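Below: one structure, written as structure tokens.
Here the structure is a predicted model, which is why all the values come from computation and not from measurement. Chain A is the first sequence line, chain B the second, and so forth, proteins listed ahead of strands; every chain is numbered from 1.
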Amino acid sequence: MDYNFREIEQKWQARWAERQTFKTREDASKPKFYVLDMFPYPSGAGLHVGHPLGYIASDIFSRYKRLKGFNVLHPMGYDAFGLPAEQYAIQTGQHPEVTTHRNVARYREQLDRIGFSYDWDREFRTCDPEYYKWTQWAFLQMFGCYYDNAKGKACPIEDLTAAFEAHGTEGIDAACSEPLTFTADQWKAFSEAEKSKVLMNYRIAYQGESSVNWCPALGTVLANDEVKDGLSVRGGHPVEQKKMTQWQLRVSAYAGRLLESLETLDWTDSLKEMQRNWIGRSAGCEVVFPVETEGKRTDVTIFTTRVDTIFGVTFMVLAPESDLTPLLTTPAQKAAVEEYLAYVKKKTERERIAETKTVTGVFSGSYGINPLTGEKVPVWISEYVLAGYGTGAIMAVPAHDSRDYVFAKKFGLEIRPIIEGCDVSESSFDAKEGKMCNSGFLNGMDVKEAIEAAKDYVEEKGLGHRKVNYRLRDAIFSRQRYWGEPFPIYYKNGIPTPLPLDKLPLTLPEVDEFKPTEDGQPPLARAKDWTYEGWPLETSTMPGFAGSSAYYLRYMDPHNDNALVSREADGYWRNVDLYIGGTEHATGHLIYSRFWNKFLFDLGYVCEDEPFRKLINQGMIQGRSNFVYRVVGTNRFVSLGLKDQYETQEIHVDINIVRNDKLDLEAFRAWRPEFKDAEFILENGEYICGWAVEKMSKSMFNVVNPDDICNNYGADTLRLYEMFLGPLEQSKPWDTKGIDGVNRFLKKVWRLFWDHDKFIVSDEAPTPAELKALHKLIAKEQEDIEHFSYNTTVSAFMIALNELQGCSKRAILEPFLILLSPFAPHIAEELWEQLGHSESIAYAAFPEYVAAYTAEDNATYPVAFNGKTRFTVDLPKTLSPAEVEAHVRGLEQTARYQGGMTIAKVIVVPGRMINIVLKK
RNA sequence: GCCCGAGUGGCGGAAUGGUAGACGCGCUGGACUCAAAAUCCUGUGUCCUUUAAAGACGUGUGGGUUCGAUUCCCACCUCGGGCACCA
């Protein structure tokens, strides 16, 4: 019998489904292990060979953990709301649900061929109303909560209103959009609308004004990645910055906790670093500078991390968008300032970022007073100060801040060094080192010392206070689009009011078109009767990350209609033990999920503070493109080795008509009409193509479809080969050339059991050498899988097979199949069954490793003289280093290699190496 | 500009202080075959040498630590990734 992978793979995929081999239940008798892939967005293009890389790795780990006796949760589903389906709908008029359904079916078909051990009973899509009910539910929870800084957690908004009733804002320490102050009496006197507005300032899900990319032509807000060079990516329409009221999530309230608990996670350092940068903690000081405008005094609070340099302040700068800008502009400067503001407003976010080299600004006419020195300094307005960070105002110290320096040079402002011996003639001195000078009481101190001393001083004198700022912004949560979760909010007398929980899910309404309305309303405004009890419902929808923020919780209990996840299921599965996915989600999904989870944790709905304990980022699989070289102006194509003799043009050629870089000439002529009469300049009778590693994409003709690999080599070969390609976390090119190696390996495995039509497995006792090969493999596989070094595990299989050549003994082959089964489950199941087992190999016991079989009695020591190996010697492993040394010193060869020198010392590395150090 | 990560045969890669190049691809020669495919066996870092033995060189470059460095330290070069007026 031959290794008929097609038959075997079909048979076992059907059988796993039929027998529900991978159905998972809570089982208190077993330790749990939750393995999760970042679920895919089902695009119209289907999967290419790069997509399943992470899925294969997680599947191997899942199967391995099952063999180790764990109860493994390994689910899959789809992130199905999103822009591409909607855009396609706008163009074709097809309902996004239809295209999404079609794409999901195609993905499922492709995934099924690879033989994953998912529990498909737990599958759901983020666009299923039964699921997005819980996305809406979570939103309402956030709407109903505020963040109490003193308690360090989210609390019901009722606690806050009770406090307002009792004593107004006195003693409240809550995360808010802007600080408010009122008394209990004032609160009681507020109208319903005013109260609602005040509470919005505190809610975790709130409506607030923020600056967004607005595209008038498309009538929608666009995300930053949908805008390029000030134009919309789709359509090329101009995009402007506009202040709009949007739903937002108060992620910033969690900045400190998101940063701190990074320490507890088993993620790569680079990923944690990316999140740290994104959260951007900076500890500094807020200081009040009184500013005089035409005799009027305004207190301006600035934020700085370098209070120590306050004696070097020679001017101040306001952000153009700051509320203070109009207040501090003198009549004399009014025209100039307004002109500048108009100029700034015209620029898009992109242009502002792109033109960081050009320095712009205008003088306000006002002067601030340095609270430490009493000195008067001019107040400028410049776009290099951001309204959204700190207080939107800074003190400028050009001698010790490079941005202030450039600004001072451009506008001829004073640069005053306050660190001894630094040279500021060419650039500022930003380093936090040196001794202070020209700085009053700070003189003579080291910079680090001075920072603390200055902070203490400012606080003592009541001039300011210590302050920690974060760069992390609140997440804008509404989109003017159709294909997303509707907000469970209606407007009663214009006041945003939550829908009652028993009205969830609020399902997406039908609309005649998926575009915004003519007057710029979101698509949901087209729906008939989009109201609740006669009041209008919110017409924007939630963004893509809403549905993916808590999906890992839903897999624990996917059919529960009473809760996102039951207490029991959550208590059993807790959180994800291993999460595999790409780095591109480092500052999106992986921040939002952590925030979402922490919020639910605060409310007691989940038992773990962090969602993903260990995270592995699989690398990208790039494409390997092939080229042909056309002699310029002709239809002649020259082979790679001869192309330098001609003037040529490089042309991408479909990799499906190239094998081992050799072009199939007939297929090439048939590929495109213009190549029908192509002529070739061959070398050694063949046309050799050039190649390059590029992104896998249709336009490069280098897309490899996993279905083709499954047809030609089988899913087991695909799985092994994807792992064999290189380290999981590294980006690497796909090259189908090498796949024959692993395919050959599987054929050889088959032949251990079958000699043509004869099943040849015997019950003979294995030899010590065979046992040793097996146990070496057991040890290696365990070590490598735990470290996600799958490529070396595949190598270890190949080495073991070479050592076990011709061994058809049951006592060896049974454990060998178990070891192989996570990697190549179909062939392992088939042969396992042929050995007489009726139960699936998936739940066999991982073979135990017997140390005795891997330990050699003798070690072969290389003997080196001054580091150069001269000969080897076989010695029992049991010898102590001293005994080995004595033996080696006594050898005849040792004397021969000494060459008149004397032995200074002998270094023995037990079991590895002997080095004899010689001296004259 | 700042912060990470990586540089090893023709190619993917292995070795984390102890015989560099495991394993696989490709290539060489051979067996089987009328022939091809498939399969099996052999060799395969570079240089010197007719060949072999033996030797020298060899992990981006230059230094250092060490009996011994791909591995640790310093500087530089190249590539990849992330952040970027965040006061």
> Think A:S282 has a side-chain N or O under 4.0 angstrom from the OP1 or OP2 of B:rA87?
Replying inline: yes
>> When the C1' atoms of B:rG45 and B:rU59 are compared, how many Å lie between them, rounded to an integer?
In response: 11 Å
>> Other residues, nucleotides and ligands only: do more than 12 of their heavy atoms fall within 6.0 Å of CG on A:D323?
In response: no
> What is the distance, rounded to the nearest whole Å, between atom OH of A:Y721 and atom P of B:rC23?
Replying inline: 17 Å
>> Measuring only between side-chain heavy atoms, which start at C-beta, is A:F797 closer than 4.5 Å to A:V749?
In response: no
Tabulated below should be each protein N or O lying under 3.5 Å from an N or O of nucleotides 37-41 of chain B; please produce it.
unit_1, atom_1, unit_2, atom_2, d
B:rU39, O3', A:R751, NH2, 3.2
B:rC40, OP1, A:R751, NH2, 3.1
B:rC41, OP1, A:Q805, NE2, 3.0

> Sub-3.5 Å donor-acceptor pair from the side chain of A:T325 to the main-chain atoms of A:A319, do we have one?
Replying inline: yes
> Considering only the C1' atoms, how many Å lie between B:rU71 and B:rA6, rounded to the nearest integer?
Replying inline: 14 Å
>> Between B:rA38 and B:rG21, how far apart are the two P atoms, rounded to whole Å?
In response: 30 Å
>> Which nucleotide wins on minimum distance to the side chain of A:M274, given the candidates B:rA22, B:rA87, B:rG82?
In response: B:rG82
>> Can you tell me how the ring of A:F745 sits relative to the ring of A:F816, calling it parallel under 30°, perpendicular over 60° and tilted otherwise?
In response: tilted
>> Can you work out whether A:T872 or A:I907 has the more 5'-proximal nearest nucleotide on RNA chain B?
In response: A:T872
>> Is it the case that over 12 heavy atoms from other parts of the model lie below 6.0 angstrom from the NZ atom of A:K695?
In response: no
>> We want to know whether A:S428 and A:D401 form a side-chain donor-acceptor pair, criterion being a heavy-atom distance below 3.5 angstrom.
In response: no
> Tell me: CZ of A:R912 to C1' of B:rU16, nearest whole Å?
Replying inline: 11 Å
> Nearest 0.5 Å, what's the CD1-CD1 distance between A:I56 and A:I580?
Replying inline: 11.0 Å
>> Tell me if the centroids of the rings in A:Y721 and A:W734 come within less than 6.0 Å of each other.
In response: yes
>> Counting neighbours of CG on A:D874 that are heavy atoms of other residues, nucleotides or ligands and sit closer than 6.0 Å, is the number greater than 12?
In response: yes
> Can you name the side chain to side chain donor-acceptor pair (under 3.5 Å) partners of A:Y340, sequence neighbours left out?
Replying inline: A:T360
> For the pair made of CE in A:M913 and C1' in B:rU66, what is the distance, rounded to whole Å?
Replying inline: 13 Å
>> Given B:rG24, B:rG26, B:rA87, identify the nucleotide with an atom nearest to the side chain of A:N802.
In response: B:rG24
>> Run the side chain to side chain contact (heavy atoms under 4.5 Å, CB included) test on A:M723 and A:T793 for me, step by step, so that the C-alpha distance in whole Å, both residues' side-chain angles and the decisive distance to 0.1 Å come before the verdict.
In response: CA-CA 9 Å; A:M723 293 302 105; A:T793 318; over 6 Å; no
> Given the C1' atoms of B:rA69 and B:rC74, what is the spacing between them in whole Å?
Replying inline: 15 Å
> Who passes side chain to side chain contact (heavy atoms under 4.5 Å, CB included) against A:N791, sequence neighbours left out?
Replying inline: A:P727, A:S789
>> Below the 4.0 Å mark, does B:rA87 have OP1 or OP2 next to a side-chain nitrogen or oxygen of A:Y384?
In response: no
>> Distance check needed: B:rG17 C1' versus A:I914 CD1, whole Å only.
In response: 17 Å
> Over how many whole Å does the gap from A:W734 atom CH2 to B:rC25 atom P extend?
Replying inline: 15 Å
> In B/S/- notation, 5' to 3', how is nucleotides 2-7 of chain B contacted by protein heavy atoms closer than 4.0 Å?
Replying inline: --S---
> With sugar-phosphate meaning primed atoms plus P, OP1 and OP2, does A:I394 contact a base, only sugar-phosphate, or nothing at under 4.0 Å between heavy atoms?
Replying inline: base
>> From CG of A:L746 over to P of B:rG24, roughly how many Å is that when rounded to an integer?
In response: 13 Å
>> So if I define the base as every atom that isn't primed, P, OP1 or OP2, how would nucleotides 9-14 of chain B read as a B/S/- string at a heavy-atom cutoff under 4.0 Å?
In response: ---BSS
> When the C1' atoms of B:rU19 and B:rG10 are considered, how many whole Å apart are they?
Replying inline: 25 Å
> A:I799 has an atom CD1; how far is it from atom P of B:rG21, in whole Å?
Replying inline: 13 Å
>> Requiring both pairing distances under 3.5 angstrom, list the stems that contain RNA chain B and are made of three or more consecutive Watson-Crick or G-U pairs.
In response: B:1-7 with B:77-83, B:10-12 with B:23-25, B:29-31 with B:39-41, B:45-47 with B:55-57, B:60-64 with B:72-76
> How far does the C1' atom of B:rG43 sit from the matching atom of B:rG81, given to the nearest Å?
Replying inline: 41 Å
>> Please check if the number of heavy atoms outside A:K432 that lie under 6.0 Å from its NZ is greater than 12.
In response: no
>> Rounding to an integer number of angstrom, what distance separates B:rG62 and B:rU78 when you compare their C1' atoms?
In response: 15 Å
>> In whole Å, measure the gap between the P atoms of B:rA35 and B:rG30 for me.
In response: 13 Å
> Is B:rG9 syn or is it anti, if syn means the base angle is within 90 degrees of 0?
Replying inline: syn
> Counting heavy atoms not belonging to A:H787, are there more than 12 under 6.0 Å from its NE2?
Replying inline: no
> In whole angstrom, what separates A:I302's CD1 from B:rA87's P?
Replying inline: 12 Å
> Judged by atom type as modelled, is there a donor-acceptor pair below 3.5 Å linking the side chain of A:T304 to the main-chain atoms of A:C285?
Replying inline: no
> Do other residues, nucleotides or ligands put more than 12 heavy atoms under 6.0 Å from the CG atom of A:N711?
Replying inline: yes
